There are 2 protein chains.
Amino acid sequence: MKLRVSPDTFPPRGHEAKRISIVDAAASVFCREGFSGANIDLIAAEAGVSRQTIYNHHGDKEKLFVAIVRDLTERCNAGIFATIATFPDQPKDLEADLIGFAVRMNRNCICNRDGRFLRKLIQTEGERYPELFAEWREQGPGRTWPALAARFARLAYAGFLSIEDPDVAARQFLALANAELQTTFMLGGTPQDDEVLQSATSGVRTFLRAFGRQKPAPHATKQGALASA
Amino acid sequence: MKLRVSPDTFPPRGHEAKRISIVDAAASVFCREGFSGANIDLIAAEAGVSRQTIYNHHGDKEKLFVAIVRDLTERCNAGIFATIATFPDQPKDLEADLIGFAVRMNRNCICNRDGRFLRKLIQTEGERYPELFAEWREQGPGRTWPALAARFARLAYAGFLSIEDPDVAARQFLALANAELQTTFMLGGTPQDDEVLQSATSGVRTFLRAFGRQKPAPHATKQGALASA
DNA sequence: GACGAATTAGACAAGACTGTCTAAATTTGT
DNA sequence: ACAAATTTAGACAGTCTTGTCTAATTCGTC
């Protein structure tokens, strides 16, 4: 296999630029080739950096790998929390607002570069680094699931939904929103925008058939919420 | 890394026994280590067979890998169709029967050895062998999804469910049944029986809240079905 | 422009792996 | 029990990879 320089900017300028370039290239290569298959020379070429620089920055291949996973976990978490912050607490149109939220979640957290890479690394190398991915589990799902569940609980409390267990509802919401994308995810592909919208739409519709209230919440926008408890 | 002989029967007897032993060991090692990381010597040791025998049977590493994926696809498909054959067409207790079906699907097709292995190989090597996994997609989801959808359509036609799109409903059914197991699957783990039951139960409950009929189907067991169209 | 730190190319040793080959040993069918 | 086919252990060449080292070059900063 011949190594070709990436079509990026020729050599990245500055210390920090190189660091970022290395992390990006390493994520891409680890993700594409797996840990065993990843080749430091290829990472170096793709980062536009010499091999020695990678060893200077990260020590060895395993440390590099761990750094990549930590980095991806952190960035993905940030994205997920930022997206959860856009959850529709006081929806005008519940269905449309939840569809919008599901689409944002997919596009900004699950289908984007970081999300795809992290998911693949967890799937392929999760068993080889139990403590590393236990850490991911705590910092990732362990914190994001409850945060999302809390928003659904709030929506139920305000009278928009009829939910018994908010944790279960949150997981089912995402499962439904992604139901049509499973095969694409399995093969590492990136679904088109319209596929994401399609899946979110049918998923949210089903979710609301199960958990929506027939009565569209008695004007419980601000003051009425507490009365319905 | 030292290679140790597997604790299986010492050397497998007979030509066919060796073939099977090689396929089993190779599936396990490819799955654990990925294609690049898989070591022919390790596969040979784990199969209780000499390295040369593997080359005699399969030619080279890549041909061996393709043979493994074909084999797993075939076995998994057989299991899925066998399980779909147990779908409750004339349920006594719709909820209980669908939960039972979801549990069987999980235990016999998704969580078992073949299912876990095939899923992982698709996830890790899918992009490297497009034509091979396109084949899987056609033979697997391409044939099993419609088969399952047909059973849901039949259930709806008989008055047990209220469904618009049986294909969507089938995908959402499985997505819901697995909603609680996602994290475990990501890390390659095998969920406990009670976790599978738990996930199936809450998934089916939500599914029936969305698609169940309030009226428990007007005795539409045999003759009444056609009338409700 | 000059100094110190960072980066580079390349060589290099050590080890691992694939795939081939051979001669001996074992198994199978008859 | 015999002959043919299969399997085995081990050696082997060739290739690839990791991680280190060195000497020269470039970069950031004053």
Side-chain angles (χ1 to χ4, degrees), chain A residues 1-6 8-26 28-68 124-125 128-129, chain B residues 1-6 8-26 28-68 124-125 128-129:
Chain A
M1 190 195 309
K2 279 280 169 287
L3 307 181
R4 281 190 203 82
V5 178
S6 85
D8 258 67
T9 70
F10 284 59
R13 296 287 174 160
H15 185 79
E16 209 50 33
K18 280 184 203 298
R19 176 160 235 109
I20 292 169
S21 182
I22 291 169
V23 169
D24 282 355
S28 168
V29 173
F30 276 132
C31 186
R32 211 166 57 233
E33 315 282 350
F35 181 82
S36 315
N39 178 319
I40 303 274
D41 285 322
L42 179 58
I43 294 174
E46 206 151 305
V49 146
S50 84
R51 178 178 53 233
Q52 188 59 48
T53 301
I54 293 181
Y55 284 106
N56 288 344
H57 281 234
H58 290 100
D60 66 13
K61 191 178 176 180
E62 187 157 326
K63 290 204 194 74
L64 173 60
F65 177 77
V66 171
I68 301 310
T124 56
E125 311 295 341
R128 202 188 310 276
Y129 299 88
Chain B
M1 188 197 307
K2 279 279 169 288
L3 307 181
R4 280 190 204 82
V5 180
S6 84
D8 258 68
T9 69
F10 283 55
R13 295 290 174 155
H15 186 79
E16 210 50 33
K18 279 184 202 299
R19 176 161 235 108
I20 292 170
S21 181
I22 290 170
V23 169
D24 283 356
S28 168
V29 173
F30 276 131
C31 185
R32 211 166 56 234
E33 315 282 349
F35 181 83
S36 315
N39 178 319
I40 302 275
D41 285 323
L42 180 58
I43 294 174
E46 206 151 304
V49 147
S50 85
R51 178 179 51 234
Q52 187 59 47
T53 301
I54 294 181
Y55 284 105
N56 288 345
H57 281 234
H58 290 100
D60 66 13
K61 192 179 176 181
E62 188 157 324
K63 289 205 194 74
L64 173 60
F65 177 76
V66 171
I68 301 311
T124 56
E125 311 294 341
R128 201 189 310 277
Y129 298 88

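Please read all numbers here as calculations on a predicted model, not as lab measurements. Letters A, B, ... are given to chains in the order of the sequence lines, protein chains preceding strands, and every chain is numbered from 1. Atoms considered below: every heavy atom in the structure, side chains included; atoms not considered: hydrogens, waters and symmetry mates.
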**OP:** Ignoring backbone atoms, establish whether A:His15 has a side-chain N or O less than 4.0 Å from OP1 or OP2 of C:dT7.
**Re:** yes
**OP:** For the helix from C:dG1-D:dC30 to C:dT30-D:dA1, figure out the bend between the end axes, five pairs an end, and round to 10 degrees.
**Re:** 50°
Subject >> Heavy-atom closest contact (A:Leu64 atom, A:Ile22 atom, distance) >> reply: CD1-CG2, 4.3 Å
Original post:
To the nearest angstrom, how far is A:Asp41 atom CG from C:dT8 atom P?
Top reply: 13 Å
Original post:
Quick one: CD on B:Glu62 to CZ on B:Phe35, what's the gap to the nearest 0.5 Å?
Top reply: 5.0 Å
Original post:
Taking only residues two or more places apart in sequence, or in another chain, which ones meet A:Arg51 in a salt bridge (Lys or Arg N to Asp or Glu O under 4.0 Å)?
Top reply: A:Asp41
Subject >> Heavy-atom closest pair, residues A:Ala44 and A:Ser50 >> reply: CB-C, 4.0 Å
Original post:
Looking only at heavy atoms, which two atoms of B:His58 and B:Lys63 are closest? And how far apart?
Top reply: O-CB, 3.1 Å
Original post:
C:dT7 phosphate, OP1 or OP2: any side-chain N/O from A:His57 under 4.0 angstrom?
Top reply: yes
Original post:
Which whole-number value in Å describes the distance from B:Ile54 CD1 to C:dT20 P?
Top reply: 14 Å
Original post:
Can you check the B:Tyr55 OH to D:dT8 P distance for me, whole Å?
Top reply: 15 Å
Subject >> Interatomic distance, A:Ile40 CD1 vs C:dC12 P [rounded to whole Å] >> reply: 22 Å
**OP:** Look at the side-chain N and O atoms of A:Asn39 and state whether any lies under 4.0 Å from the OP1 or OP2 oxygen of D:dT18.
**Re:** yes
Subject >> Contact summary for B:Arg128 and A:Arg32, nearest pair of heavy atoms >> reply: NH2-O, 3.8 Å
Within the sub-3.5 Å range, which N or O atoms of nucleotides 9-11 of chain D have a protein N or O partner, and how far apart are they?
residue: D:dA11; atom: N6; partner: B:Arg51; partner atom: NH2; Å: 2.9

Original post:
Whole-Å distance between D:dT17 C1' and A:Asp60 CG?
Top reply: 14 Å
**OP:** Whole angstrom is fine here: how far is it from CD1 in B:Ile43 over to P in C:dC17?
**Re:** 12 Å
**OP:** May I ask you to say what A:Ala44 touches in the nucleic acid, namely base, sugar-phosphate or nothing, with a heavy-atom cut-off under 4.0 Å?
**Re:** nothing
Subject >> Residue pair A:Ile54 / A:Ile40: nearest heavy atoms and the distance that separates them >> reply: CD1-O, 4.1 Å
Original post:
Within the side chain of B:Glu46, is there an N or O that forms a donor-acceptor pair under 3.5 Å with the backbone of B:Ala26?
Top reply: no
Original post:
For the pair made of NZ in A:Lys61 and P in C:dA16, what is the distance, rounded to whole Å?
Top reply: 14 Å
**OP:** Please check the phosphate of C:dA6 (OP1 and OP2 only) for any side-chain N or O of A:Thr53 closer than 4.0 Å.
**Re:** no
Original post:
Do side-chain atoms of A:Ser21 reach the backbone of A:Ala47 as a donor and acceptor pair under 3.5 angstrom?
Top reply: yes
Original post:
Think A:Lys18 has a side-chain N or O under 4.0 angstrom from the OP1 or OP2 of C:dT8?
Top reply: yes
Original post:
For the pair made of CG in B:Asn56 and C1' in C:dT26, what is the distance, rounded to whole Å?
Top reply: 14 Å
